[in-house]
Student: 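Sharing a structure, written as structure tokens. Questions coming.
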Amino acid sequence: MLHQLTYFIKIAEERSFTSAAKALFVSQPALSKQMKKLEEELGFSLFNRSVRGVELTTKGKAFYEDIRPLFSQINQTVDRYKKYDRIRFGSTPILSTYFLPGFYKQLQYSNVNVTAIREDSLDLVPLLKVHEIDAAVVQNTPEIEGMYSNFLFSEPFVAAVPVSLSLADKEEVTLEECFNYTQIIPPTGYLSEQVRGLLSEHLFEGNMLETHYLGMGGLVSLGIGIAYLPKMMADAIEQKGVTFLPLKGEPLHREMYLHTSSPDLLKLLSQSFTQALTL
């Protein structure tokens, strides 16, 4: 029925079967035949023919006004998809492992390929600026010069606590309670800076160990200390010897933003994320 509706819209706009047939590169008899089929399927007449040309019936006009905006949206969407035969996407190991898989079905239709992985999402910003990648999700960066941006989501960090500690029996913990133990943090990046700043504010004099994100849980499971992980990661993994607890007041969190090289690409990817979230 889609091509019949396309024909109908063109006839309504041209107010002539002859002109519409020329614009659509079909014969006038073929066009008339398709409109007859459409009217039979709908159960009402679409056109009144007179010496002045073709006019929509009352019901035909209402039908046209309802479907015309939908077709405009369809055409715009098709045009956006046609523009991007391959979208180069930047990501982090955590986003690639625990966030993007939930959107792969939608993103694959958009021809998204993860072509750059960086430990910290802020390290993707230079790649965006030199157009080595077309899009990325970057934390705590609402705007990037020359890029188009949308807020995606806010995410807290949770405490990874050894089950051997009495602290693990609580429903939530405070940072002050966590600071009574060895702190396991990444060597660099946003989380490292945030935790170090809070430790300084609390005059922390205990021990600190540095390791990458994916190694933090292992050290916690050995009872060495307490670490902090993004909630998306904690929700997706089960690690023997580790309990993940919310931090009271969410003192550690991050805001995630989608950045793209063009407004059309921003709209396309935003729709893909939104559609997946509502499924």
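Note that the coordinates shown come from a computational prediction; the quantities given were computed from them, not determined experimentally.
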Student: Using a 4.5 Å cut-off on heavy atoms from C-beta on, say whether the side chain of Val137 contacts that of Ser121.
Tutor: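 Ser121 vs Val137: side chains apart.
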Student: For the residue pair Ala159 and Ile226, what are the closest heavy atoms and their distance?
Tutor: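 Closest approach of Ala159 to Ile226, heavy atoms only: CB-CG2, 4.4 Å.
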Student: Is the backbone of Lys231 close enough, under 3.5 Å, to the side chain of Glu155 for a donor and an acceptor to pair up by distance?
Tutor: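 Yes.
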Student: Between Thr188 and Asp120, is any pair of side-chain heavy atoms under 4.5 Å apart?
Tutor: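 Contact flag for Thr188/Asp120 side chains = no.
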Student: Can you hop from Val138 to Leu95 via hydrophobic side chains spaced under 4.5 Å?
Tutor: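 No; Leu95 is not reachable from Val138 via cluster members.
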Student: For the atom pair CG (Asn207) and CD1 (Ile224), what is the distance rounded to the nearest 0.5 Å?
Tutor: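 One finds 11.0 Å between CG of Asn207 and CD1 of Ile224.
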Student: Shortest non-hydrogen contact from Phe8 to Gly60?
Tutor: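 Shortest heavy-atom contact: CZ-O, 3.7 Å.
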Student: Under 4.0 Å between a side-chain nitrogen and a carboxylate oxygen: does that hold for Lys170 and Glu177?
Tutor: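 Salt bridge: yes.
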Student: Stepwise, does the side chain to side chain contact (heavy atoms under 4.5 Å, CB included) test hold for Met35 with Phe17?
Tutor: CA-CA 10 Å; Met35 286 305 94; Phe17 273 74; 3.9 Å; yes
Student: Are the side chains of Phe89 and Asp134 in contact, using a 4.5 Å heavy-atom criterion?
Tutor: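 When only atoms from C-beta onward are counted, Phe89 and Asp134 do not touch, as no gap falls below 4.5 Å.
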Student: Please give me the minimum heavy-atom distance between Ile117 and Pro93, naming the atom from each residue.
Tutor: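 Shortest heavy-atom separation between Ile117 and Pro93 comes out as CG2-CD, 3.8 Å.
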Student: Short question: side chain of His259, backbone of Thr141 - any donor-acceptor pair under 3.5 Å?
Tutor: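 Pair found, side chain donor or acceptor close to backbone of Thr141.
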Student: Spell out, yes or no, whether Leu152 and Tyr257 are grouped together once hydrophobic residues are joined by side-chain heavy atoms under 4.5 Å, including indirect joins.
Tutor: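 No, separate clusters.
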Student: If two hydrophobic side chains count as joined below 4.5 Å and joins carry through other members, does Ile133 share a cluster with Leu122?
Tutor: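 Yes, because Ile133 and Leu122 connect within a single hydrophobic cluster, where side-chain heavy atoms sit under 4.5 Å apart.
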Student: What do you reckon, is CD of Glu40 surrounded by more than 12 foreign heavy atoms closer than 6.0 Å?
Tutor: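 Atom CD in Glu40 is crowded, with more than 12 foreign heavy atoms closer than 6.0 Å.
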Student: In Å and rounded to the nearest 0.5 Å, what is the CG to CG distance from Leu247 to Leu252?
Tutor: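 Here the interatomic distance stands at 6.0 Å.
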Student: Under 3.5 Å, is there a donor-acceptor pair between the Tyr228 and Gln183 side chains?
Tutor: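 A pair is found: one side chain offers a donor N or O, the other an acceptor, under 3.5 Å apart.
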Student: Does atom CD of Glu171 have more than 12 heavy-atom neighbours from other groups under 6.0 Å away?
Tutor: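 Counting other residues, nucleotides and ligands, CD of Glu171 stays at 12 neighbours or fewer.
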Student: With a 4.5 Å limit on heavy-atom distance, are the side chains of Glu13 and Lys10 in contact?
Tutor: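 A side-chain contact under 4.5 Å exists here.
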Student: Any non-hydrogen side-chain atom of Asn150 less than 4.5 Å from a side-chain atom of Phe273?
Tutor: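 With C-beta onward as the side chain, the pair stays apart.
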Student: Kindly indicate whether the side chain of Leu191, heavy atoms from C-beta on, has any atom under 4.5 Å from the side chain of Tyr213.
Tutor: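 Yes, at least one pair of side-chain atoms sits under 4.5 Å.
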Student: When the ring planes of Phe63 and Phe44 are compared, do they come out parallel, tilted or perpendicular, using 30° and 60° as the limits?
Tutor: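 Perpendicular.
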Student: Val195 versus Met208: any side-chain heavy-atom pair under 4.5 Å?
Tutor: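 Sidechains of Met208 and Val195: no contact.
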Student: May I ask you to decide if the ring planes of Phe179 and His202 are parallel, tilted or perpendicular, using 30° and 60° as cut-offs?
Tutor: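 Perpendicular: the ring planes of Phe179 and His202 meet at over 60°.
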Student: Within the 3.5 Å criterion, strictly below it, is a donor on Glu39 or Ser45 matched to an acceptor on the partner's side chain?
Tutor: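 No donor-acceptor contact under 3.5 Å links the two side chains.
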Student: How many angstroms lie between atom OG1 of Thr92 and atom CD of Glu119, to the nearest 0.5 angstrom?
Tutor: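 Separation between the atoms: 8.0 Å.
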Student: With under 30° as parallel and over 60° as perpendicular, where do the rings of Tyr190 and Phe157 fit, or are they tilted in between?
Tutor: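 Aromatic pair Tyr190/Phe157 classed tilted.
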Student: With rounding to the nearest 0.5 Å, note down the distance linking CG in Leu219 to CD in Glu210.
Tutor: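 Leu219 CG to Glu210 CD: 12.0 Å, rounded to 0.5 Å.
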Student: For the residue pair Thr18 / Gln28, report whether a side-chain donor-acceptor contact shorter than 3.5 Å exists.
Tutor: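 A pair is found: one side chain offers a donor N or O, the other an acceptor, under 3.5 Å apart.
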Student: How many angstroms lie between atom CD of Gln194 and atom CG of Asn140, to the nearest 0.5 angstrom?
Tutor: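 Going from CD on Gln194 over to CG on Asn140, the span is 7.5 Å.
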Student: Would Gln4 and Glu41 satisfy side chain to side chain contact (heavy atoms under 4.5 Å, CB included), going step by step from the backbone distance to the final call?
Tutor: CA-CA 11 Å; Gln4 293 174 341; Glu41 289 188 41; 3.6 Å; yes
Student: Is there a donor-acceptor contact under 3.5 Å from the side chain of Ser221 to the main chain of Gly218?
Tutor: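 Confirmed, Ser221 side chain pairs with Gly218 backbone.
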Student: Between the main-chain N or O of Gly223 and the side-chain N or O of Ser164, is there a donor-acceptor pair closer than 3.5 Å?
Tutor: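 Here the side-chain-to-backbone pair does not exist.
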Student: Give me the atom names and distance for the closest heavy-atom approach of Val220 to Ala160.
Tutor: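 What the structure gives for the nearest pair is CG1-O, 3.4 Å.
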Student: Please name the pair of heavy atoms, one in Ala12 and one in Phe47, separated by the smallest distance, quoted to 0.1 Å.
Tutor: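 Heavy atoms of Ala12 and Phe47 come nearest at N-CE2, 4.3 Å.
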Student: Would a hydrophobic clustering, with Ile, Leu, Val, Met, Phe, Trp and Tyr connected at side-chain separations under 4.5 Å, put Tyr181 with Leu198?
Tutor: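 Yes: a chain of side-chain contacts under 4.5 Å links Tyr181 to Leu198.
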Student: How long is the straight-line distance from CG of Leu100 back to CE of Met232, given to the nearest 0.5 Å?
Tutor: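 With rounding to 0.5 Å, CE (Met232) is 9.0 Å from CG (Leu100).
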Student: Between Ser96 (side chain only) and Ile94 (backbone N and O only), is there a donor and an acceptor less than 3.5 Å apart?
Tutor: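 Not a single qualifying donor-acceptor pair exists.
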Student: Between Leu167 and Val158, is there shared hydrophobic-cluster membership here, with clusters defined by ILVMFWY side-chain heavy atoms closer than 4.5 Å?
Tutor: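 Leu167 and Val158: one cluster.
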Student: Taking side chain as C-beta onward, heavy atoms only, is Glu172 less than 4.5 Å from Leu245?
Tutor: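 No - every pair of side-chain heavy atoms lies 4.5 Å or more apart.
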Student: Do any N or O atoms from the side chain of Thr174 and from the backbone of Lys248 form a donor-acceptor pair under 3.5 angstrom?
Tutor: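 No, Thr174 side chain to Lys248 backbone: no donor-acceptor pair under 3.5 Å.
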Student: Count the heavy atoms belonging to other residues, nucleotides or ligands that lie under 6.0 Å from CZ of Arg15, then report whether that count exceeds 12.
Tutor: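 It does not: Arg15 CZ has 12 such atoms or fewer within range.
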Student: How close do Gly217 and Val242 get, heavy atom to heavy atom, and via which atoms?
Tutor: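 Closest approach of Gly217 to Val242, heavy atoms only: O-CG2, 3.7 Å.
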Student: I'd like to know if the side chain of Asn113 and the backbone of Arg88 have a donor-acceptor N/O pair within less than 3.5 Å.
Tutor: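 A pair under 3.5 Å: no.
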